[in-house]
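Let me begin by presenting the structure, written as structure tokens, before commenting on it.
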Amino acid sequence: MFYTADQQEVYGLNGVSILGSYTPQEFYEELSSNYQSSGQFDSLEAPEELYSWTYGDNVNCQVADLVGYQGSVLYCTKIVIVPQKNLVLTFCGQAYNHGQDPTVIQYMVNALCDSLAFEIGSQDYISGNTFLCGDGSQVCLQDDGNFRYYQSANDHENQYYEGVYEVYCGQAAMDKVASMAEYGLTMEELEQVLSANMNGYIPGGSSPADYLYSTGELEDTRLRYNVCLDTFYVVILNNQRLVYSPDDVREGGNSTLYLGFYLPELNMADLTNANAASYTQWTFQEKTS
């Protein structure tokens with residue numbers, strides 16, 4: 001937070017939270033109700049509905065502006081809910097001189113929010129990189145869209161697949177999976193899985209117990225990571241050739257769908273192989289040369 005030169009106003013980031021399984025409106029209503037019942041303000045003006053706004057690199061947000069008074073202090077709070085980032089931010093401007101016009105303080109808070117930029121889910125962490133898989137195999141994704149999948153990271157001569165790959169992230173990943181009728185995954189089911197995982201993700205995938213964790217019915221002290229729509233990935237490996245050895249190359253093959261989350265803190269993609277109904281981790285090694 002920072003003060004103006006005359007020490008009569010202060011501005012800054014007031015709070016940060018995950019959105020979790022809440023809808024934006026549900027979260028806002030609970031937060032607004034907490035403000036009004038906590039005794040923090042003598043009076044509080046809070047709109048009933050959120051409105052849409054865009055920040056950063058065209059990131060869609062849901063926003064509300066609140067005006068409260070405590071004694072002679074004016075509080076102008078801006079709530080910014082970012083569903084695709086699984087994020088809620090509150091910014092506040094406070095004026096200590098009695099009678100300050102709220103629109104002036106709100107203008108400054110808005111100017112502060114206009115500088116928002118989101119780092120999570122802002123880049124493609126998978127395309128063009130080499131990953132070590134949990135079973136000791138290795139996948140090398142080239143910038144030109146080709147790939148090689150080695151049975152062993154230590155043997156690049158024998159037993160590998162090669163072909164072309166596709167990577168989708170965020171809403172594009174959800175849309176892609178939902179369009180692949182052969183896997184039987186609907187958009188509603190994908191959104192339910194995403195919602196449960198947004199309460200806190202454990203590598204290895206979600207389970208029905210995650211719902212109980214989100215409601216507080218289940219005590220769970222395991223380390224969880226923050227994921228969001230923009231860290232959800234789909235990778236499709238379209239196998240074109242199986243190389244048994246340099247002298248034994250067989251044309252053809254199937255396509256394999258992987259879906260899951262990339263965890264930047266672990267430099268790892270936590271994925272499910274939808275063809276084999278198996279789980280794998282791809283740990284980043286290096287940029288594919």
Side-chain angles (χ1 to χ4, degrees), residues 1 11-56 58-71 73-95 102-103 105-114 116 118 120-121 170-171 174 187-201 206 208-220 224 226-232:
M1 304 187 78
Y11 299 90
L13 177 65
N14 202 40
V16 179
S17 171
I18 64 168
L19 177 60
S21 293
Y22 286 97
T23 67
Q25 186 64 30
E26 287 171 344
F27 192 104
Y28 168 65
E29 289 176 1
E30 185 161 325
L31 180 59
S32 178
S33 176
N34 180 265
Y35 281 157
Q36 299 195 47
S37 64
S38 64
Q40 182 178 348
F41 303 104
D42 295 333
S43 63
L44 179 67
E45 301 170 13
E48 293 185 359
E49 302 287 337
L50 296 158
Y51 64 91
S52 297
W53 202 257
T54 300
Y55 290 111
N58 293 318
V59 175
N60 295 320
C61 305
Q62 296 291 306
V63 180
D65 299 292
L66 287 69
V67 177
Y69 293 89
Q70 179 66 43
V73 181
L74 165 66
Y75 294 84
C76 293
T77 300
K78 192 175 202 72
I79 299 171
V80 180
I81 301 178
V82 199
Q84 71 189 75
K85 304 294 184 183
N86 190 17
L87 185 64
V88 180
L89 305 170
T90 57
F91 295 87
C92 187
Q94 302 174 25
T103 59
I105 308 302
Q106 288 175 321
Y107 175 84
M108 295 300 295
V109 173
N110 289 337
L112 178 63
C113 292
D114 285 341
L116 277 175
F118 302 96
I120 186 171
Q171 188 60 51
M174 303 278 279
M187 182 63 73
E188 182 181 7
E189 290 169 330
L190 291 168
E191 290 174 347
Q192 288 173 347
V193 170
L194 174 64
S195 179
N197 285 316
M198 282 170 60
N199 290 299
Y201 184 76
S206 64
D210 282 327
Y211 175 75
L212 298 178
Y213 168 79
S214 70
T215 60
E217 297 175 51
L218 179 68
E219 184 176 348
D220 191 338
R224 292 174 178 262
N226 288 347
V227 297
C228 64
L229 174 60
D230 285 348
T231 58
F232 177 72

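Bear in mind the structure is a predicted one, so any value in this text is a computation, not a measurement. What you see below is based on every heavy atom in this structure, not just the backbone, and it leaves out hydrogens, waters and symmetry mates. Nothing fancy with the numbering, it's 1 onward along the sequence.
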How about [X] and [Y]: do any of their side-chain heavy atoms sit closer than 4.5 Å?
{"X": "Tyr55", "Y": "Val63", "answer": "yes"}
{"X": "Val227", "Y": "Phe232", "answer": "no"}
{"X": "Thr77", "Y": "Phe91", "answer": "no"}
{"X": "Gln84", "Y": "Gln171", "answer": "no"}
{"X": "Gln40", "Y": "Gln70", "answer": "no"}
{"X": "Leu229", "Y": "Pro83", "answer": "no"}
{"X": "Thr231", "Y": "Asn86", "answer": "no"}
{"X": "Leu74", "Y": "Tyr69", "answer": "yes"}

[X] [atom1] to [Y] [atom2] distance, which is reported to the nearest 0.5 Å:
{"X": "Leu13", "Y": "Thr90", "atom1": "CG", "atom2": "OG1", "answer": "6.5 Å"}
{"X": "Ile79", "Y": "Cys113", "atom1": "CD1", "atom2": "SG", "answer": "11.0 Å"}
{"X": "Glu30", "Y": "Gln25", "atom1": "CD", "atom2": "CD", "answer": "12.5 Å"}
{"X": "Ile105", "Y": "Tyr75", "atom1": "CD1", "atom2": "OH", "answer": "12.5 Å"}
{"X": "Lys85", "Y": "Leu19", "atom1": "NZ", "atom2": "CG", "answer": "14.0 Å"}
{"X": "Leu87", "Y": "Leu116", "atom1": "CG", "atom2": "CG", "answer": "9.0 Å"}

Which heavy-atom pair separates [X] from [Y] by the least distance, and what is that distance?
{"X": "Lys78", "Y": "Asp65", "value": "NZ-OD1, 2.6 Å"}
{"X": "Gly20", "Y": "Asn199", "value": "CA-OD1, 3.7 Å"}
{"X": "Cys92", "Y": "Val109", "value": "C-CG2, 4.0 Å"}
{"X": "Leu50", "Y": "Ala64", "value": "CD2-CB, 3.7 Å"}
{"X": "Phe118", "Y": "Cys61", "value": "CZ-SG, 4.4 Å"}
{"X": "Ala46", "Y": "Gln36", "value": "CB-NE2, 4.2 Å"}

Please check if atom OH in Tyr22 has more than 12 non-hydrogen atoms from other residues, nucleotides or ligands closer than 6.0 Å.
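No, because the 6.0 Å sphere around OH of Tyr22 holds 12 heavy atoms or fewer from other groups.
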For the pair Gln106 and Val67, evaluate side-chain contact (heavy atoms from CB on, under 4.5 Å) and give the outcome as yes or no after the intermediate values.
CA-CA 9 Å; Gln106 288 175 321; Val67 177; 3.3 Å; yes
For a side-chain hydrogen bond (donor to acceptor under 3.5 Å, both in side chains) check, start with the C-alpha distance between Gln62 and Tyr28, then their side-chain angles and the critical distance, and finish with the verdict.
CA-CA 9 Å; Gln62 296 291 306; Tyr28 168 65; over 6 Å; no
Evaluate the criterion side-chain contact (heavy atoms from CB on, under 4.5 Å) for residue pair Leu31 and Tyr35; output intermediate values, then yes/no.
CA-CA 6 Å; Leu31 180 59; Tyr35 281 157; 4.0 Å; yes
Given 3.5 Å as the limit, does a donor-acceptor pair link the side chain of Asp230 with the main chain of Gly170, or not?
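Here the side-chain-to-backbone pair does not exist.
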When you measure from the side chain of Ser21 to the backbone of Ser195, do you find a donor-acceptor pair of N or O atoms at a distance under 3.5 Å?
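Yes; at least one donor-acceptor contact below 3.5 Å.
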